[in-house]
Protein chains: 2
Amino acid sequence: MPGAPRGRSALTRACAIVSRVKEAVEERRIFTEFLKQKKLKTTRERTALFDEIFSTHRHFDADDLVARMRLKGKKISRATVYRTLELLYECGLVGRVRLNEEKYRYERLRKGEHHDHMICTSCGRVIEFVDPRIEQLQDAVCRHHKFTATSHSHQIWGLCATCGVRAARAAAEVPA
Amino acid sequence: MPGAPRGRSALTRACAIVSRVKEAVEERRIFTEFLKQKKLKTTRERTALFDEIFSTHRHFDADDLVARMRLKGKKISRATVYRTLELLYECGLVGRVRLNEEKYRYERLRKGEHHDHMICTSCGRVIEFVDPRIEQLQDAVCRHHKFTATSHSHQIWGLCATCGVRAARAAAEVPA
DNA sequence: CTCTAGCTGAGATTCAGTCTCAATGACAAG
DNA sequence: CTTGTCATTGAGACTGAATCTCAGCTAGAG
């Protein structure tokens with residue numbers, strides 16, 4: 001059986017699971033309410049996907065999620081994954097962005113919290129940032145254009161600290 | 001023969017063409033220089049696409065462009081259109097953004113000028129905006145994260161002035 | 001427990017964008 | 001002007017993400 005005890009006691013693992021689940025208790029309530037309200041069903045698959053997504057804070061794409069489920073022995077089709085992500089997106093629990101790639105990236109959202117992204121074009125790392133002053137200026141720009149904003153996304157591409165240093169060093173070594 | 005004289009004199013049309021071409025004279029030089037430098041050829045298709053793109057200031061996607069060329073009686077394959085857009089993108093003459101859609105949007109760029117987009121989710125209109133104060137704050141955020149930015153994109157979704165007014169009016173008419 | 005409306009998975013489909021390759025064409029050199 | 005070479009083109013195959021289809025399955029109300 002994959003995932004059998006190894007090193008950590010059953011108790012330790014149980015505690016870790018409890019604390020993770022507790023973290024998402026509010027979100028779970030929102031999700032079930034949302035489903036009930038739309039007369040949708042709380043299926044095995046939706047619950048499993050919810051649990052997986054809310055067990056970490058990582059960014060992911062649809063296929064990552066399929067793979068992670070499969071690793072846990074749960075075979076859930078891509079169609080269902082997309083359908084569930086759509087639902088979670090609709091009820092505001094996950095965010096969905098295009099970082100100038102072919103595919104969407106999803107991320108767990110915390111209520112009322114917004115952030116934007118810096119993407120390292122060398123290593124692919126995604127760094128989140130928030131700046132209320134930028135958001136304020138944004139509001140001002142909207143007012144100026146009589147535009148009623150409902151959402152926004154703001155991405156910055158470039159080199160992260162690590163890759164920037166590496167690039168600078170490489171440039172120094174080959175001065176010609 | 002499609003596009004035959006109709007209403008406007010040949011002279012008027014000729015002047016319009018001249019003034020449009022003059023507008024893009026600098027860009028044309030940049031493009032041909034770029035091609036020469038990369039030992040690429042100035043083909044009939046590349047020239048035709050360049051002329052079409054630089055005859056307006058609209059945003060467009062690859063298939064729009066194919067259609068526009070076809071309307072003018074020039075059948076240019078999608079492959080060539082994509083290849084040419086890639087070249088124009090490389091030499092900085094056109095911009096390419098993903099506005100959280102499946103496809104890329106392209107737009108003619110003016111040298112050294114940068115702008116971001118507000119997209120009306122009702123009518124699809126795209127409004128350009130620039131705010132140097134936002135750009136400054138962005139730089140500050142990058143410095144804070146030791147991130148070396150090379151480019152960015154910033155989109156705001158919502159209702160444009162027209163659609164906003166219409167929505168407000170609709171809401172007022174159905175108060176229940 | 002039953003029944004039904006909603007759900008799932010496998011695979012077909014779509015759609016933007018890229019790739020392939022044989023035929024064509026730009027253009028430099030003669 | 002002619003020639004030779006090598007980039008370019010177009011038709012259509014291909015890819016990969018996302019969506020759709022539909023027969024069989026299941027949640028959950030009654």
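These values consider heavy atoms only, across backbone and side chains, with no hydrogens, waters or symmetry-generated copies. We name chains A, B, ... by the order of the sequence lines, and we start the count at 1 in each one.
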Checklist entry - Can you give one letter per nucleotide of nucleotides 18-30 of chain D, 5' to 3': B if a protein heavy atom sits under 4.0 Å from the base, S if only from the sugar-phosphate, - if neither? => result BBBB-----BS--
Starting from [atom2] on [N], measure out to [atom1] on [X] and report it in whole angstrom.
X: B/Glu45; N: C/dG25; atom1: CD; atom2: C1'; answer: 9 Å
X: B/Arg46; N: C/dC27; atom1: CZ; atom2: P; answer: 10 Å
X: B/Ile76; N: D/dG10; atom1: CD1; atom2: C1'; answer: 11 Å
X: B/Asp64; N: C/dG17; atom1: CG; atom2: P; answer: 11 Å
X: B/Leu65; N: C/dA16; atom1: CG; atom2: C1'; answer: 15 Å
X: A/Leu85; N: C/dC7; atom1: CG; atom2: C1'; answer: 16 Å

Next on the checklist: Applying salt bridge (Lys or Arg N to Asp or Glu O under 4.0 Å) to B/Arg29 and B/Glu26, what does each step give before you reach the verdict?
Outcome noted: CA-CA 5 Å; B/Arg29 204 189 50 71; B/Glu26 171 69 0; 3.5 Å; yes
Partner of [X] by side chain to side chain contact (heavy atoms under 4.5 Å, CB included), out of [options]:
X: A/Ile53; options: A/Leu88, A/Leu93, A/Thr84; value: A/Leu88
X: A/Val81; options: A/Val66, A/Asp63, A/Asp64; value: A/Val66
X: A/Leu49; options: A/Met69, A/Arg44, A/Arg68; value: A/Met69

Next on the checklist: Taking the six-membered ring of A/Tyr104 as reference, does the cationic atom of A/Arg96 (NZ for Lys, CZ for Arg) lie under 6.0 Å from its centre and within 45° of its axis?
Outcome noted: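 Yes, A/Arg96 lies over the aromatic ring of A/Tyr104.
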Next on the checklist: When you measure from the side-chain N and O atoms of A/Ser77 to the phosphate of C/dT8, is any distance below 4.0 Å, counting only OP1 and OP2?
Outcome noted: no
Checklist entry - Of B/Lys39 and B/Val81, whose closest DNA chain D nucleotide lies nearer the 5' terminus? => result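 In this pair, the answer is B/Lys39.
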Next on the checklist: Would you call the rings of A/Tyr106 and A/Phe60 parallel, tilted or perpendicular, taking 30° and 60° as the class edges?
Outcome noted: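 Ring orientation, 0 to 90° scale: parallel.
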